[in-house]
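In the text below, chain A, chain B and the rest are named by the order of the sequence lines, each starting its count at 1.
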Amino acid sequence: MTYKSGTDQLPIPPKDAKVQNVTCDFCIVGCGYKAISWPVDRQGGPKPDENAFGEDLTQQQGAESAAWYNPSMYNVVRQDGKLVHLIIRPDKECEVNAGLNSVRGGRMGETRYSDQTGTMTARLGQPMVWRYSQMMPTSWDDSLSLVADVTRRVIEEMGEDGVIVSAFDHGGAAGGYENTWGTGKLYFDALKIKNIRIHNRPAYNSEVHASRDMGVGELNNSYEDAELADTIFVVGANPLENQTNYFLAHWVPNLRGETLDKKKQMLASEPHAAAKVIIVDPRRTVSVNACETVAGKDNVLHLAINPGTDLVLLNALLTEVVNKGWQAKNFITQHTSGFDEAVKANRISVEDAAAVTGLRSEDIRKAAQWIAEPKAGGTPRRTMLAYEKGLIWGNDNYRSNAAMVNLALATWNVGREGTGCVRLGGHQEGYVRPSDAHVGRPAAYVDQLLISGQGGIHHNWATDHFKSTLNAEEFRRVYRRRTNLVKEAMDSVPYGDREAQLEQIVAAVKRGGLFSVNVDILPTQMGEAAHVWLPAATAGEMNLTSMNGERRLRLTERYMDPPGAALPDALIAARMANALEASFRRVGNETYANKFKGKFDWKTEEDAFMDGYNQHAEGGKFVTYERLRAMGTNGVQEPVVGFENGKLIGTKRLYADAKFKTDDGRAKFMKTEWRGLQVAGRDQQKEKYAFLINNGRNNLIWQNAFYDVHTPFVRERNPVAPIEMNPGDMEKLGLKAGDLVEVYNDVGSTQAMVYPTPSAKPGQAFMLFIAPTGQVGNVISKGTNEFMIPNYKNVWANIRRIGHVPSADAMSFKSIEYPKGL
Amino acid sequence: MKECPKLVELGRRQFLRGGAVAAAGAAAVSVVAPTPARAAVPAARVDYPANRLANIKDLKVNEPMQVNYPDIDSPGVLIKLGAPVDGGAGPDRDIVAYSTMCPHKGYPLSYNAADKTLNCPGHFSRFDCEKEGQQVWGHATQNLPMFRLTVDGAGDIHAVGVDELIYGRTRNVLNEDAVSLRRG
Ligand code: SF4
Ligand code: FES
């Protein structure tokens, strides 16, 4: 039975309903939305003068109507304690999404906490602690003083390296400038924590160290550049599913030729055509399919590369561009360094590259042409180069990233209209923290520290390693064992006797135990092992600022109350810091106590914003909540450079002046020699096992499905996370659609549900990344690159049937591709 | 399911009336004089007209027929799939009807007979006609509204309800008159 909500009418917001700015909680695109709320016992009417939209709702609305909202966008929530109707619907006025919602963002309404409608009632609303052998609700004071006392005791015994931290560093919900600052000030200023990791990888590092080392920040263009480009060159990304409305609202119009007028107007002195697109991905994604649908096959080049060989392709493209003399000679001389050395070191012929990558030589040449051949009249081509996790979490991160930037610099495709060398991004960004220099490079491999028994306490902010790590089986096994030691120790003495509790906990830690504190909005898999849960508020339950993939800074206003006693992470961090100060003072350690003194007096998230972003971000001094609120859902692009006539002034694209972020202002080329599959053991794995277990996101699910597991509409399509398989492979293994299979190799095993995929290459399967019901991390070996970036992608395993997913029979297993010729 | 013949007849008349009015002027269809009752908290679900869409004899397997329900401004398709499905009506449990306004942004869906899906040229969403309109892939935050059908002894197919909110409406039945007719 397909899920239907049964809703056939919705309340209408009255004319005077409250309207607030919202940026989508979820992906990097940061689509603009409006939260519309009004008292629960009032209603607007269908006539234009009776409702907030000024629309005649007695009439059928046309396509792309700004006035339509649907059951997923609606809820009943509390606002300052009072019940209100709430609609969160996409904003047509926002330049980012022009009124589009994706299947993720469009469900913000129904993923709000509501006792009235019963949605997301799993949310954590009270601090909980381990006592009497289960998690029990308690007060903030009680839970935080326990956390502070245990943290203090661990520091006394082991120093600050005994405190292991996992924390978001991104924007959007569960992040944002307020919260990265709050946690950052606690761990990098008051404390100097070295053993810290990020939500999706086992260390505290950049996914794009290389780009930054070369002086090129990774988010350097504007979404408008995708409308102006002659060619879009994408490596290891699937923008239709992962940057949905960026793709739909900015790429598609250019591919369809709908932005020609704009191009002619803005860039009058050169010829223009509809864009061409090159997509480098071993897998044929729906992005490839959509590009072919809108641009025609002739304008789409899908390079279905051998997994892990992107670096070879990128080096060959550089070589070919230079062989043809298509490089930007003046730019290279005046604004870069290291070009000749890099070209020499990275040289590889198109034919040699074809042999390694499995591509046809003529396709590599064609790609070079589309990227760099000057346009008629000799004007340089405008190519936007974009990449994401296929490259970032593929083979040899640092060199591959550098090779991408080499190509962009050689062709001067950064800092000009219609260009850019950008990651496409996952979460939004929202990073402002005190210096992390003490963490060092390479940073500590935190998950391995935890596995090897190090650390005494783990502070975990909205991350779930059980889903989002590699070598996940071993990690879970050890983490459960270590935290269980502490649970048993805590159970041995009464909870009310704090000193006895501390004594037991510390003794257990010395025996290899680990005390675990989980700050989150919902119960998590790793949280089941924790001793303390602290309930966090999410975006909209607090004011929250973030920036998107074109550095567009916006404020999501607080439009509802958090559940129960939940608080913004920034304020939890502040309270934790104050509790630590009190704990150290209580035992007479004034020196330590003073590390926290006077630093965490924030009463609101706005205080944290002013202390953090306003004081420490580039251009932050111009920015306040009030000014951001006035900028609405369009916000301002960072860095902010001024405030004039009531408006914040931003920066449309970086490096327009060709001054890069290096000491001498010149961008650096890098040597990026090919060294095969960089992680030890993967070559052998490839020989030994039948299937590539590629993995990544799909359109329907946001992140690790923390909301989606509570949403029937999504759950129905993902009772168990899907694995895309070629039908021929299925036949050989005796598999049917919806069968439950085990994926297993020398590292571990996991499960997935077979989704027949005619476009999948034989021997190449694709799993959903960090899924709650079948973690691909179980079969990914622990190897990383030199900066602790995992290679999640190039993994091989065998597949065998273990059963059939019971609810699969209600599912459609038809192809996800838009049909040809419709 | 057995249908009250009187309701069916009323629904049929209503359907015809809607068509006739539309011919005279499309705008007139949905002009509603709101009654005072509308200001009250609405009922849990709206009342639907029972409209005759076609007779089984009119349908060819896997050839969609254009229909409108619950009124002329809400286009849909009626399809005899040729094999029984969940939610299918008629003696073979294979007759289904769906709204063809994409529940993402309202673009018109088109039928792909090869795999029995409705597809959106707007942003590539796909809905499975053999699975009650389940979104196979797409941006809609709901599955495709299905028109509930009944088939009487004479083979007349009537639409009697809708299981999701139709795109572009805050209320599936715009025309209040239809409701009062049915109540009558
Ligand atoms: S594309 Fe991303 S930001 Fe936009 S609505 Fe979807 S999830 Fe939200
Ligand atoms: S309108 Fe159908 S997918 Fe957007």
Side-chain angles (χ1 to χ4, degrees), chain A residues 1-12 41 43 45-47 51 56-65 67-73 99-103 106-107 109-110 240-241 244 248 252 286 289-290 293 698-700 713 716-717 810-819 822, chain B residues 27 30-32 34 38-39 41-42 45-46 48 71 73-74 86-87 101-108 110 112 114-117 119-124 126 128 130-143 145-146 161-175:
Chain A
M1 286 284 280
T2 288
Y3 173 76
K4 298 290 171 84
S5 71
T7 311
D8 57 9
Q9 61 182 334
L10 287 170
I12 296 172
D41 49 5
Q43 275 228 65
K47 293 208 282 190
N51 64 63
D56 184 353
L57 301 176
T58 66
Q59 304 282 328
Q60 171 68 44
Q61 297 160 45
E64 296 191 332
S65 167
W68 195 56
Y69 49 101
N70 60 38
S72 302
M73 297 177 184
L100 291 178
N101 65 275
S102 73
V103 69
R107 289 185 286 114
E110 68 179 6
L240 175 54
E241 297 196 272
T244 307
L248 291 175
V252 165
V286 286
N289 177 60
T293 304
N698 75 25
N699 192 51
L700 190 53
F713 171 71
E716 165 180 81
R717 295 282 302 157
M811 257 187 76
S812 172
F813 285 98
K814 289 182 179 168
S815 163
I816 61 174
E817 288 205 3
Y818 187 78
L822 256 203
Chain B
S30 345
V31 171
V32 178
R38 287 181 71 111
V41 176
R45 283 183 59 86
V46 302
Y48 287 91
D71 54 62
D73 289 330
S74 171
D86 277 347
M101 278 184 292
C102 179
H104 179 227
K105 295 288 151 195
Y107 283 57
S110 51
N112 183 40
D115 71 355
K116 299 179 180 165
T117 52
N119 295 272
C120 184
H123 316 99
F124 325 113
R126 282 166 55 68
D128 190 343
E130 296 178 298
K131 291 280 183 195
E132 298 172 287
Q134 190 174 119
Q135 182 168 251
V136 182
W137 186 95
H139 316 286
T141 53
Q142 63 188 49
N143 293 309
M146 191 176 192
V162 184
D163 63 4
E164 266 294 359
L165 195 66
I166 295 169
Y167 171 80
R169 301 177 170 217
T170 48
R171 190 168 198 278
N172 274 350
V173 178
L174 294 173
N175 192 333

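Under the rule for a ring-ring contact (aromatic ring centres under 6.0 Å, His included), A:F713 has no partner lying at least two apart in sequence or in another chain. For the salt bridge (Lys or Arg N to Asp or Glu O under 4.0 Å) test, residues two or more places apart in sequence or in another chain that qualify with B:D128 are A:K814.
Note: A:R717 CZ to B:N143 CG = 8.5 Å, rounded to the nearest 0.5 Å. Between A:Q59 atom CD and B:L174 atom CG the span is 7.5 Å, to the nearest 0.5 Å.
For the pair A:I816 and B:R126, the minimum side-chain heavy-atom distance is 4.5 Å or more. Looking at B:F124 and A:V286, their side chains never come closer than 4.5 Å, going by heavy atoms from C-beta outward. Taking the side chain as every heavy atom from C-beta outward, A:V103 and B:H104 never approach each other to under 4.5 Å. Side-chain contact between B:Q142 and A:S5: absent, with no pair of heavy atoms (C-beta onward) separated by less than 4.5 Å. At least one side-chain heavy atom of B:H139 sits less than 4.5 Å from a side-chain heavy atom of A:L248. At a threshold of 4.5 Å between non-hydrogen side-chain atoms, the residues B:W137 and A:L240 count as touching.
The nearest pair of heavy atoms linking B:K131 to A:S812 is CG-CB, 3.9 Å. The minimum heavy-atom distance between B:T170 and A:Y69, with the atom names listed, is CG2-OH, 3.2 Å. Nearest heavy-atom pair across A:P71 and B:E164 is CG-OE1, 4.1 Å. Contact detail for A:S815 and B:V136: the closest heavy-atom pair is O-CG1, 3.6 Å. Nearest approach of A:M811 to B:Q134, heavy atoms of both residues: CA-OE1, 3.6 Å. Nearest heavy-atom pair, B:P103 versus A:N70, reported as atom, atom and distance to 0.1 Å: O-ND2, 4.4 Å.
Interface summary for chain B: among A:L57, A:T7, A:T293, the most heavy-atom pairs under 4.5 angstrom belong to A:T7. Heavy-atom pairs under 4.5 Å with chain B peak, among A:D56, A:T244, A:L100, at A:L100. Interface check for chain A: of the options B:D115, B:N119, B:T117, the most heavy-atom pairs under 4.5 Å are formed by B:N119.
With A:T2 contributing its side chain and B:G133 its backbone, the two residues share no donor-acceptor pair below 3.5 Å. A donor-acceptor contact shorter than 3.5 Å is absent between the side chain of B:T141 and the backbone of A:S72. At least one donor-acceptor pair closer than 3.5 Å links the side chain of A:Q60 to the backbone N or O of B:Y167.
For B:C102, no part lies under 4.5 angstrom from a heavy atom of chain A. With a 4.5 Å cut-off on non-hydrogen atoms, A:E817 touches chain B through its backbone but not through its side chain. Using a 4.5 Å cut-off between heavy atoms, B:R169 contacts chain A through both its backbone and its side chain. Heavy atoms of A:N698 lying under 4.5 Å from chain B are absent altogether. Both the backbone and the side chain of B:D163 have a heavy atom closer than 4.5 Å to some heavy atom of chain A. Heavy atoms closer than 4.5 Å to chain A are found in the side chain of B:M101, but not in its backbone. Of the atoms belonging to B:P108, not a single heavy atom falls under 4.5 Å from chain A. Proximity to chain B is limited to the backbone of A:A810, based on heavy atoms less than 4.5 angstrom apart.
Using modelled atom types and a 3.5 Å distance limit, the side chains of B:Y107 and A:E64 yield a donor-acceptor pair.
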